[in-house]
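Scroll down for the structure; my scribbles are underneath it.
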Amino acid sequence: MAMPLRQTIRVGTYLFEQKLRRREKFPLIVELEPLYACNLACEGCGKIQHPAGVLKQRMPVAQAVGAVLESGAPMVSIAGGEPLMHPQIDEIVRQLVARRKYVFLCTNALLLRKKIEKFTPSPYFAFAVHIDGLRERHDESVAKEGVFDEAVAAIKEAKRRGFRVTTNSTFFNTDTPQTVVEVLDYLNDELRVDEMMISPAYAYEKAPDQEHFLGVEQTRELFRKAFAGGNRRRWRLNHSPLFLDFLEGRADFPCTAWAIPNYSLFGWQRPCYLMSDGYVPTYRQLVEETDWDAYGRGKDARCANCMAHCGYEPTAVLATMGSLKESLRAARESVGGTR
């Protein structure tokens, strides 16, 4: 992944340790969902479709931190729902950072300026703001006007205060190479966020809108054209070169969803945060009791059009770390970008 040097060394050391221990399955980053409630009703997300009783629940701090520690993952992505609605989200972050976990707090940023005093800048912490297009396109995707402007204002304020800020952009079949270029140019060149994550929309079964998810060939064509002209090397993308090759159709990988497991109010979700085939109480059970060979494109119909980072980015990272050629390539592209 294109990440700060300290984080690169930490993750590289972690991967080397797993190899020495001959562990075949291990987590790279935990998707932690301490609540499902949200202050938006995005058309591509089904989290708020849970019953009212579930939406009122908030995961205790000790449970959230304990799950991450149990897994042993070096990185944590805190999502939801909207995590800034959790009354103790700052304490969850503080305890994870104190244990030197790299924490990304995913947010739509509507509450960010109001809650920012609760957080402290750290090389182990970053806000990850969802931006799915420029003003009109983003507000349409979240079904509320003014969200884009508030997110931009929050990003600027967080940057002013010394926080690392990354973004996460999901693209649908209503996007074109031009709309992808426009939003990434804006984030990269004008807002100058630290890093950007991109993902093709996955057909999340509970999402209200089921008509605008990308197929595999649509995804490859979209990113192949968007990356043309040196864009992918110029943008500060938080992805390995092999994963970007995968999005373009220049490489293909099996799914390794066990490397980005999801832990929510219900426990460890099987097999990934996009599909729900039951829950188990421990990460070890998730790894040992899940039939991983049953999932992935060509195996499960629900996986047919999936090219999401939760399944394929870790495969690309492992392939990179296992190849001197690809490791050197990743290092060159990271240095070559405007970071």
[X]: what forms a salt bridge (charged side-chain N to carboxylate O under 4.0 Å, His left out) with it, not counting sequence neighbours?
{"X": "Asp90", "answer": "none"}
{"X": "Arg160", "answer": "Glu157"}
{"X": "Arg250", "answer": "Asp245, Glu248"}
{"X": "Arg58", "answer": "none"}

I need the minimum non-hydrogen distance between [X] and [Y], along with the two atoms involved.
{"X": "Val180", "Y": "Ala226", "answer": "CG1-CB, 3.8 Å"}
{"X": "Pro34", "Y": "Ala79", "answer": "CD-O, 3.3 Å"}
{"X": "Val317", "Y": "Ser240", "answer": "N-OG, 4.3 Å"}
{"X": "Leu187", "Y": "Ser169", "answer": "CD1-OG, 3.9 Å"}
{"X": "Pro200", "Y": "Thr170", "answer": "C-CG2, 4.3 Å"}
{"X": "His239", "Y": "Met196", "answer": "CD2-O, 4.2 Å"}

Is [X] atom [atom1] crowded by more than 12 heavy atoms from other residues, nucleotides or ligands, each under 6.0 Å away?
{"X": "Lys225", "atom1": "NZ", "value": "no"}
{"X": "Glu190", "atom1": "CD", "value": "yes"}
{"X": "Glu91", "atom1": "CD", "value": "yes"}
{"X": "Arg100", "atom1": "CZ", "value": "no"}
{"X": "Lys299", "atom1": "NZ", "value": "yes"}

For residues [X] and [Y], determine if any side-chain heavy atom of one lies less than 4.5 Å from a side-chain heavy atom of the other.
{"X": "Tyr102", "Y": "Arg10", "result": "yes"}
{"X": "Pro241", "Y": "Arg232", "result": "yes"}
{"X": "Thr167", "Y": "Met197", "result": "no"}
{"X": "Lys115", "Y": "Ile89", "result": "no"}
{"X": "Lys101", "Y": "Pro74", "result": "no"}
{"X": "Ile131", "Y": "Asn168", "result": "no"}
{"X": "Leu84", "Y": "Leu105", "result": "yes"}
{"X": "Leu244", "Y": "Phe227", "result": "yes"}

Any residue meeting side-chain contact (heavy atoms from CB on, under 4.5 Å) with [X], in chain and number order, not counting sequence neighbours:
{"X": "Gln285", "answer": "Val280, Pro281, Thr282, Glu289"}
{"X": "Thr166", "answer": "Phe104, Ala126, Ala128, Arg164, Glu195"}
{"X": "Asp293", "answer": "Asp291"}
{"X": "Asp252", "answer": "Arg220, Phe246, Arg297"}

Starting from the C-alpha separation in whole Å, work towards a yes-or-no answer on side chain to side chain contact (heavy atoms under 4.5 Å, CB included) for Ile29 and Cys310.
CA-CA 9 Å; Ile29 181 169; Cys310 66; over 6 Å; no

Under 3.5 Å donor-acceptor pairs involving side-chain atoms of residues 17-27, not counting sequence neighbours:
unit_1 : atom_1 : unit_2 : atom_2 : d
Gln18  : OE1    : Arg23  : NH1    : 2.8
Gln18  : NE2    : Tyr14  : O      : 3.2

Let me check something: do [X] and [Y] share a hydrophobic cluster, defined by ILVMFWY side-chain heavy atoms less than 4.5 Å apart, either directly or through other members?
{"X": "Leu134", "Y": "Val129", "answer": "yes"}
{"X": "Val76", "Y": "Leu69", "answer": "yes"}
{"X": "Val97", "Y": "Leu32", "answer": "yes"}

Can you tell whether the side chains of Arg234 and Asp185 come within less than 4.0 Å, N to carboxylate O?
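Yes, Arg234 and Asp185 are salt-bridged.
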
Could you give the distance from CE (Met75) to CD (Glu31), rounded to the nearest 0.5 Å?
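Met75 CE to Glu31 CD: 10.5 Å, rounded to 0.5 Å.
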
Got a sec, which residues hit ring-ring contact (aromatic ring centres under 6.0 Å, His included) with Phe125, two or more places apart in sequence or on another chain?
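So Phe125 forms a ring-ring contact (aromatic ring centres under 6.0 Å, His included) with Phe119, Phe127.
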
Run the ring-ring contact (aromatic ring centres under 6.0 Å, His included) test against Tyr279 and tell me which residues pass, sequence neighbours left out.
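By the ring-ring contact (aromatic ring centres under 6.0 Å, His included) rule, Tyr279 matches Phe266.
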
Between Thr13 (side chain only) and Ile9 (backbone N and O only), is there a donor and an acceptor less than 3.5 Å apart?
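Judged by distance alone, yes, a pair lies under 3.5 Å.
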
Would you say Thr256's side chain and Thr315's backbone share a donor-acceptor pair under 3.5 angstrom?
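Indeed, once roles are kept as given, a pair shorter than 3.5 Å links the two residues.
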
Pairs under 3.5 angstrom only: tabulate donor-acceptor contacts from the side chains of residues 146-154 to other protein residues two or more places apart or in another chain.
unit_1 : atom_1 : unit_2 : atom_2 : d
Asp149 : OD1    : Arg135 : NE     : 2.8
Asp149 : OD1    : Arg135 : NH2    : 2.9
Asp149 : OD2    : Arg135 : NE     : 3.3
Glu150 : OE1    : Arg113 : NH2    : 2.8
Glu150 : OE2    : Arg113 : NE     : 3.0
Glu150 : OE2    : Arg113 : NH2    : 3.4

Establish, from distance only, whether the side-chain atoms of Glu82 and Tyr36 form a donor-acceptor pair under 3.5 Å.
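Side chains of Glu82 and Tyr36: no pair found under 3.5 Å.
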
Below 30° counts as parallel, above 60° as perpendicular, anything between as tilted: where do the rings of Phe223 and Phe171 land?
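Phe223 and Phe171: perpendicular rings.
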
